[in-house]
Amino acid sequence: MSDTLVSIAIPCPLRRRFDYLWPAALAREPQPGLRVKLPFGRREVVGIVLARSDNSDIDPAKLKAVTEVLDEQPSLSAELLALGEWAASYYHHPIGDCLAQMLPVALRRSKPAASKPAEHWQLAEGATPDALPARARQQRALFSAVAERGVLSRDELKTLGFSRAVLNELIKGQLLCAASAAPRAADAERGPELNAEQAAVLHTLADHDGQFGRFLLDGITGSGKTEVYLRAIARAIANGKQCLVLVPEIGLTPQTLRRFERRFPGRVRSLHSGMGDSERLANWQAARRGDADIVLGTRSAVFAELPRLGLVVVDEEHDSSYKQQDGWRYSARDIAVKRAADRDCPVILGSATPSLDSLHNADRGRYQVLRLRQRAGNACEAPIRLLDIRQQPLQHGLSEALLNATDKALAAGNQVLLFLNRRGFAPTLQCHCCGWIADCAACDARMTVHYRRRQLRCHHCEAIRAMPASCPDCGNSQWIYDGPGTERLELFLQQRFSQPVLRIDRDTTAGRGSMAELVNEVNKGEPCILVGTQMLAKGHHFPAVTLVGIVDMDAGLFSADYRATENSAQLLLQVAGRAGRADRPGEVLLQTHCPAHPALQSLSQHGYRDFAAAQLAERRLLELPPFSYSAVIRCDAPQLSDAEQFLQQLRDALAAPTPDWQVLGPLPAPMTRRAGRFRASLILQAAQRGLLHRQLAQACHTAEGLSRRGQLRWSVDVDPIEMF
Ligand code: ADP
Ligand code: ZN
Ligand code: ZN
């Protein structure tokens, strides 16, 4: 009898599966989804069994064998394996890497999936002490201690003087089970009375209980979208389902988590990149066992295994953090929709500023739109007013008008938020005598001045060096700082105003808990100025802020990259949404050099929907996505010519352009050199998705067959959100 053959996914850059022998000595069946150890080249790696295979093209004498099965249970269910295979082909990415990324980091290594011992326990469903023998006094005592408290922690176990053995007996007898930290017995907070719009939305959702449906919940900031999710989740849980809730990276704040925890004590598990590997593994396992009713997480949580999955929510669906920006460039939002379709369950995409992709899907009838037009409670939406700053004197980028408005708001006892777009606010260092500029040695970029630490940093490769005492070219030390920078703006504001100035950006919030501290400070409600970048835009409610000043948005809004225009408008409205959330009416002042620009006019006068409609009309005319389908093939190498040559060879292998099919490039990236490597790309665009995918498959096939100069890297980006 011949040996069993299996096909295996192995994390490596090749877009294929690998055949291995499955020795009878393993004494196991090769179940799909099992993690196995095997020799690969000169290494030993972790692979995942995809299937038995009937025959192999490989010379049987050369076939290698799986050496070890790592787990009892498959790590990926049939559902997730199928999802992974679909995603690998959709994104033209190696299956082995896709499957590895779907697993928690702890499982990508070749250790068995030892679960971290639980730290908290609760009574198992339906457990009664009657099952215990009368003389098991210790066990009875521990049982009632847990019953009393709802949840018992490891520390309490010690303080109460119970031994681990007693605990283990109860667990073995299925009277106790692991719990998450929050006590399940705590009273779940009850939500507010729904307003009519929310009730109508939930009514529509209820009509689709238990069947596939794609919903776009379009509601302005503060209109009660989260409340709608919470209610829909409560219904799903009551029906015995699990829920998957995705939030943007920056949106998973402790406040968000607490809000879910308060409503569903003990039922929520989070998954995000900020947590340690073992905690992540524990939560992933809880979801997979069906112990967690809600998984709340960022991008990669979309791969959490939920055997009873019955509802998927993607909050702030337009957010670009759902798209992974290196390696496997998947969109967690799009995969979430696919998962719901596979599961036949509803998916809700929510946003105050839906992506043009989703609005287009709504126009085509693929998504059902649910709208919330009013702010919940008694707050109202802040109007956006344009400040024409052409020829106006500016102090650190701020006009008189904005400074005066700030004065007024502070004097009235309110808070002010000044928003800086990162782009254009990175100060550079230049010599006033000879014009020397501090450039990064590894990138086509200027170093950014970090004033307080007297450092120069590159924001593209993380190079750091000390600010030079004198100009390396001419020896003088008369510096010009070009661009205001958040740090110097903060200093200026501190001198100009007597109220406290709080800067919120990547530098000031780097430490653990420092963001929470800053937010607490703001929420005391004392008059102050908040100044910061993107980090200010999302996830936080600042009820005492009445004035939002947007210092500079022109660069993004009027960018040549159509996605930048869309993202800037979304960001602008996100920031604007911070104002006037409570009872005090808010105002948004937007400084601009182009007050007459139609995009700004439509945004400020008619709102996002109007703006989006105009943008969609333009894209239709220009046949840009979502009216066509695009992909980018990127390449980088130590020599620009190598990267360009490689891409040219791919281009030569592709179909000749037709009205339905275009290829652009090889184009060097605007910042051609980054971290010492030269970057170029090919941009592919097709009128039909099928056409794009056939050409991409051809390109990948060609690329894998090309002999490559050392250190050349290439990757595919389907549905890109940036072109380079
Ligand atoms: P969004 O997610 O759209 O920003 P939220 O659900 O966070 O909106 O609601 C904004 C605020 O309004 C929250 O403080 C929330 O508790 C409150 N809220 C939501 N729905 C209602 C309601 N029906 N009645 C009163 N307050 C509400
Ligand atoms: Zn000089
Ligand atoms: Zn650099």
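In each ligand, atom 1 is the first atom listed, and ligand 1 is the first ligand listed. For the numbers below, each heavy atom of this structure counts, side chains included, while hydrogens, waters and symmetry mates do not.
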Please determine whether a side-chain nitrogen of the Lys or Arg among [X] and [Y] lies less than 4.0 Å from a carboxylate oxygen of the Asp or Glu.
{"X": "E316", "Y": "K225", "result": "no"}
{"X": "D636", "Y": "R679", "result": "no"}
{"X": "R674", "Y": "D444", "result": "no"}

Classify the ring geometry between H208 and F215 as parallel (under 30°), tilted (30 to 60°) or perpendicular (over 60°). perpendicular
Tell me if a side-chain donor or acceptor on T672 pairs with a main-chain N or O of A669 at a distance below 3.5 Å.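 Checked: pair present.
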Any side-chain to backbone donor/acceptor pair from Y322 onto L246? Under 3.5 Å, distance only.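 Here the side-chain-to-backbone pair exists.
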Using a strict 4.0 Å cut-off to heavy atoms of [X], name the atoms of ligand 1 that fall inside it.
{"X": "K225", "answer": "1 (P), 2 (O), 3 (O), 6 (O), 8 (O)"}
{"X": "I220", "answer": "3 (O)"}
{"X": "N195", "answer": "23 (N)"}
{"X": "L194", "answer": "23 (N)"}

Within the 3.5 Å criterion, strictly below it, is a donor on R299 or S331 matched to an acceptor on the partner's side chain?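 Judged by distance alone, the side chains do not pair up.
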Could you tell me the angle subtended at the Zn ion (ligand 2) by SG of C434 and SG of C431, rounded to 10°? 110°
Would you say the Zn ion (ligand 2) has C433 as a near neighbour, meaning an N/O/S atom of that residue under 2.8 Å away?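 Of the N, O and S atoms in C433, none lies under 2.8 Å from the Zn ion (ligand 2), which means no.
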Would you indicate which of G191, P192, G350 comes nearest to atom 25 (C) of ligand 1 when only heavy atoms are counted? P192
Filtering R231, R259, Q198 for the heavy atom nearest atom 6 (O) of ligand 1 leaves R259
Counting only heavy atoms closer than 4.0 Å, does ligand 1 sit against the backbone of T226, its side chain, both, or neither? both
Side chain proximity check, R385 to V588, heavy atoms < 4.5 angstrom: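 R385 vs V588: side chains apart.
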Rounded to 10 degrees, the angle SG of C461 makes with SG of C458 at the Zn ion (ligand 3):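 Nearest ten degrees: 110°.
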Any heavy atom of G222 closer to ligand 1 than 4.0 angstrom? yes
Are any of the N or O atoms of E193 closer than 3.5 Å to those of ligand 1?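 Yes; the residue has a nitrogen or oxygen that sits under 3.5 Å from a nitrogen or oxygen of the ligand.
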